[in-house]
Engineer: 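Here's a structure for you.
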Number of protein chains: 2
Amino acid sequence: MVHTRNPRLKDVAQEAGISIATASRAMSGSPGVSAQLAQRVRQIAADLGYVANVHARSLAGSPSSVVGLVVHEIGDPYFSEIASGVLSVASTRGLTVQICHSGRDPEAELAQVRTLIANQVGAIIVAGSGFVDPAKEAGVVQSLKRYQEGGGRVAVIGRHSLRADTVQPDNREGGTTIAEHLLGLGHRRIGVVSGSRQLTTVADRLVGIDGALATAGLSLDATPLVEAPFTREGGKQAITELLTVAPDVTAVIGMNDDMAIGVLSVLRSRGVMVPEQISVTGFDDVAVAGDLAPGLTTIRLPMSEMGRQALKLALAPPATRRRSRRAAHELVVRGSTAPPRADSVLRPPA
Amino acid sequence: MVHTRNPRLKDVAQEAGISIATASRAMSGSPGVSAQLAQRVRQIAADLGYVANVHARSLAGSPSSVVGLVVHEIGDPYFSEIASGVLSVASTRGLTVQICHSGRDPEAELAQVRTLIANQVGAIIVAGSGFVDPAKEAGVVQSLKRYQEGGGRVAVIGRHSLRADTVQPDNREGGTTIAEHLLGLGHRRIGVVSGSRQLTTVADRLVGIDGALATAGLSLDATPLVEAPFTREGGKQAITELLTVAPDVTAVIGMNDDMAIGVLSVLRSRGVMVPEQISVTGFDDVAVAGDLAPGLTTIRLPMSEMGRQALKLALAPPATRRRSRRAAHELVVRGSTAPPRADSVLRPPA
DNA sequence: CTGAAAGCGCTTACAG
DNA sequence: CTGAAAGCGCTTACAG
């Protein structure tokens with residue numbers, strides 16, 4: 001069998017009758033090579049199908065062309081949309097993306113970040129909620145700090161305690177908006193189907209909700225809230241429990257669309273009419289939210305754009321101070337919310 | 001600022017009072033080092049936070065620890081679920097995954113595969129439909145062939161013309177099953193909302209549908225079919241056109257869930273009752289299919305498992321002949337299908 | 001069982 | 001503008 005090895009820089013140089021040093025400069029566009037020669041070398045390389053070995057390259061000190069992306073779970077639409085944004089700008093810049101799962105587990109997250117660093121990626125993007133308890137993030141904070149001191153670039157999406165350029169989704173403001181929407185509709189007895197309050201995303205959204213509630217003379221403390229995994233399945237569990245604990249709610253806030261979809265599913269199977277008997281809201285506006293029946297009223301976050309922004313920040317020359325891009329939210333009203341029924345409103349709490 | 005460089009193998013060796021050759025052997029578990037020494041060296045490495053530089057490693061000839069995954073679009077649930085499966089087995093094996101988009105474009109796909117090869121990944125997984133026209137795949141076929149001759153491992157999901165280990169979803173059989181389901185319900189006037197027939201996935205599913213139709217004395221040729229992009233948006237376009245062309249259909253087969261979701265969305269906004277007036281089916285069973293209202297009757301394909309299988313094939317020692325794993329389908333009946341209304345059945349074709 | 005040395009394929013001061 | 005040479009951090013025959 002003819003073994004066709006990939007061509008090396010040496011082959012290109014030989015073909016062009018020059019040294020590999022010159023060939024290298026010609027390929028990378030470094031100064032010190034006549035434009036004409038450079039052009040000819042590139043042509044030869046192309047003809048030979050030459051592609052530089054990234055490992056040799058980065059060993060020799062070239063900036064890495066791969067960026068690492070840490071997500072909780074790529075199967076979750078929130079993250080796959082972020083990933084899609086990251087991939088799209090990566091490909092326009094000739095970059096390659098390494099994706100890994102943290103599974104919302106601080107230890108796993110740390111392990112993944114370390115692997116990325118060991119792989120000498122040029123930039124790291126960490127997406128997804130952080131943890132309220134700073135101790136859980138100490139490891140990553142530390143690793144990322146070292147990495148940055150060594151010239152690595154970092155951008156995070158929706159994290160507070162990681163010192164890096166940040167894309168900050170409007171979690172708090174969105175929480176306020178969604179609660180105000182329900183309050184404006186006349187709801188007073190609102191239930192919350194929540195992910196773990198240990199997650200900063202959840203905590204932030206709750207703060208926003210609390211603010212709106214307070215303005216209306218209510219409070220989050222007095223609001224029935226059930227915690228469960230921050231997933232569709234968690235939404236099902238939580239609503240099931242909420243219905244027992246607080247059967248009189250006229251509206252349910254899901255802390256993300258996934259949970260809200262779980263809520264809708266349980267409500268439907270129990271024959272509870274949405275929004276006639278209970279209004280339901282989500283958060284994120286994943287692609288499918290508008291195609292549910294009823295459509296899900298939710299807070300839109302520009303996930304794909306957030307991914308794009310994050311990579312752009314990571315790729316921009318490092319600034320002396322941390323940059324922050326706010327990802328604005330938008331209330332999307334669909335069929336899942338309506339004013340409470342008159343009898344609901346008047347019915348005294350159980 | 002104290003510059004804390006990552007430790008090198010040299011540092012570990014020094015700390016242990018041995019040569020780097022021995023340290024290297026100890027770390028990799030190569031024979032020729034006493035178990036005791038190896039143990040001690042690993043401990044020291046761990047204490048120092050040493051992680052081998054993958055670039056140096058692979059330059060020196062070590063097998064690569066990164067695998068490349070090519071998908072059409074990571075934001076599409078079909079692919080994000082496959083990716084999730086790939087990532088999960090990768091992480092248990094200490095592997096890292098590079099994901100890239102082909103965008104259902106042969107040229108882009110080729111460029112991505114080339115980049116992966118240039119990055120010296122140890123294995124490449126290509127997911128997503130191929131093209132009926134072999135000319136469009138010639139480039140990838142060629143690149144992958146060379147790559148494999150050089151020791152690279154390849155596994156594909158749902159591709160025919162790529163010579164490699166394959167995970168083959170039941171596209172044809174699933175097509176037959178879904179058509180039989182509708183036929184069994186009594187439907188005779190069935191419409192198809194289809195992605196491009198240039199895509200092998202679409203072509204395969206249609207062959208299966210055709211078979212079932214033929215058995216029932218019908219034929220695909222006589223069946224109203226509209227082609228559009230293989231996406232939710234495409235589904236909306238196609239059903240809109242289908243309704244004009246063939247307003248008398250009692251059932252619509254969406255060639256994947258995404259298209260079917262688009263179909264349901266348009267039907268709902270037009271006030272067409274599903275399944276009372278028109279039954280609708282999908283294909284894939286993405287996570288959300290069960291949570292729609294009505295739930296989508298569809299063919300379940302084990303996407304995440306397919307991703308897992310593909311990576312396992314790629315990681316297994318190469319066989320002399322291509323291996324193939326069939327990914328079995330399963331009919332999932334939900335609320336979106338029902339027998340046609342009596343008047344529909346009796347109504348003569350327009 | 002262990003070490004000295006070559007080599008993987010690049011890039012980049014350092015000299016012309 | 002161009003080349004010879006060192007060096008990036010490993011692994012692996014090759015000798016002990």
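Throughout, protein chains are lettered first and strands after them, A, B, ... in sequence-line order, and every chain is numbered starting at 1.
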Engineer: Looking at A:Lys312, I'd like to know if its NZ atom is crowded, meaning that more than 12 non-hydrogen atoms belonging to other residues, nucleotides or ligands lie closer than 6.0 Å.
Structural biologist: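 It does: A:Lys312 NZ has more than 12 such atoms within range.
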
Engineer: List in chain and number order the residues that pass salt bridge (Lys or Arg N to Asp or Glu O under 4.0 Å) with B:Glu305, two or more places apart in sequence or in another chain; answer none if no residue qualifies.
Structural biologist: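 B:Glu305: salt bridge (Lys or Arg N to Asp or Glu O under 4.0 Å) contacts with B:Arg308.
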
Engineer: Under 6.0 Å from the CZ atom of B:Arg114, do we count more than 12 heavy atoms belonging to anything else shown?
Structural biologist: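 For B:Arg114, atom CZ is not crowded (no more than 12 foreign heavy atoms under 6.0 Å).
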
Engineer: Take a 6.0 Å sphere around CZ of A:Arg323 and say whether it holds more than 12 heavy atoms from other residues, nucleotides or ligands.
Structural biologist: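 Above 12, so yes.
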
Engineer: Is it the case that A:His72 and A:Ser102 place a side-chain donor and acceptor less than 3.5 Å from each other?
Structural biologist: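 Yes, A:Ser102 and A:His72 have a side-chain donor paired with an acceptor closer than 3.5 Å.
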
Engineer: If you take any heavy atom closer than 4.0 Å to DNA chain D, which residues from residues 15-22 of chain A end up in contact?
Structural biologist: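 DNA chain D contact set from residues 15-22 of chain A: A:Ile18, A:Ser19, A:Ala21, A:Thr22.
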
Engineer: Quick one: B:Asn119 CG to C:dC10 P, roughly how many Å, whole number?
Structural biologist: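 Answer to the nearest Å: 13 Å.
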
Engineer: Rounded to the nearest Å, what distance is computed from the NE2 atom of residue B:His55 to the C1' atom of nucleotide D:dG7?
Structural biologist: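 Distance check: B:His55 NE2 to D:dG7 C1' gives 17 Å.
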
Engineer: In what stems does DNA chain C take part, counting only runs of at least 3 consecutive Watson-Crick or G-U pairs whose two distances fall under 3.5 Å?
Structural biologist: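 DNA chain C stems, ordered by first number: C:1-3 with D:14-16, C:5-12 with D:5-12, C:14-16 with D:1-3.
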
Engineer: I want to confirm an ordering. Mapping A:Leu59 and B:Ser34 to their closest nucleotides on DNA chain C, which one lands closer to the 5' end?
Structural biologist: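 This one resolves to B:Ser34.
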
Engineer: Identify which nucleotide among D:dT11, C:dC8, C:dC1 has an atom closest to any side-chain atom of B:Ser62, counting heavy atoms from C-beta outward.
Structural biologist: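 The closest nucleotide is D:dT11.
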
Engineer: Looking at B:Arg159 and B:Glu137, does any basic side-chain N land under 4.0 Å from a carboxylate oxygen?
Structural biologist: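 Looking at B:Arg159 and B:Glu137, the cut-off is met.
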
Engineer: Roughly, in whole Å, what's the span from CE in A:Met27 to P in C:dT11?
Structural biologist: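 Between P of C:dT11 and CE of A:Met27: 9 Å.
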
Engineer: Could you measure between the two C1' atoms, the one in D:dG16 and the one in D:dT12, and give it in whole Å?
Structural biologist: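 Per the computed distance, 16 Å lies between those C1' atoms.
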
Engineer: Without decimals, in angstroms, what is the distance between A:Arg57 CZ and C:dT12 P?
Structural biologist: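 In whole Å, C:dT12 P and A:Arg57 CZ are 9 Å from each other.
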
Engineer: Report the distance from atom CG of B:Leu9 to atom P of D:dT12, rounded to the nearest whole Å.
Structural biologist: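 Going from CG in B:Leu9 over to P in D:dT12 covers 12 Å.
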
Engineer: The side chain of A:Arg25 is closest to which nucleotide in this list: C:dC8, D:dC10, C:dC14?
Structural biologist: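 Within the option list, the nearest is C:dC14.
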
Engineer: A:Gln198 and A:Asp133: side-chain donor and acceptor closer than 3.5 Å?
Structural biologist: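 The answer is no; no qualifying pair exists.
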
Engineer: So which one's nearest nucleotide on DNA chain C is more toward 5', A:Gly61 or A:Asn53?
Structural biologist: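 Nearest-nucleotide comparison on DNA chain C picks A:Asn53.
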
Engineer: Rounded to the nearest 0.5 Å, what's the gap from CD on B:Glu109 to OG on B:Ser143? Could you check?
Structural biologist: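 That separation rounds to 10.5 Å.
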
Engineer: Considering only atom P, compute the distance from C:dC10 to C:dC14 and round it to an integer number of Å.
Structural biologist: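 The answer is 24 Å between these two P atoms.
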
Engineer: Please state whether the rings of A:His55 and B:His55 are parallel, tilted or perpendicular, taking 30° and 60° as the class boundaries.
Structural biologist: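 A:His55 and B:His55: tilted rings.
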
Engineer: Looking at B:Ser24, I'd like to know whether one of its side-chain N or O atoms comes within less than 4.0 Å of OP1 or OP2 on D:dT11.
Structural biologist: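 True: B:Ser24 side-chain N/O within range (under 4.0 Å) of D:dT11 OP1/OP2.
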
Engineer: Which one, C:dC10, D:dT2, D:dC10, comes nearest to the side chain of A:Val33?
Structural biologist: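 Among the listed nucleotides, the one closest to the side chain of A:Val33 is D:dT2.
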
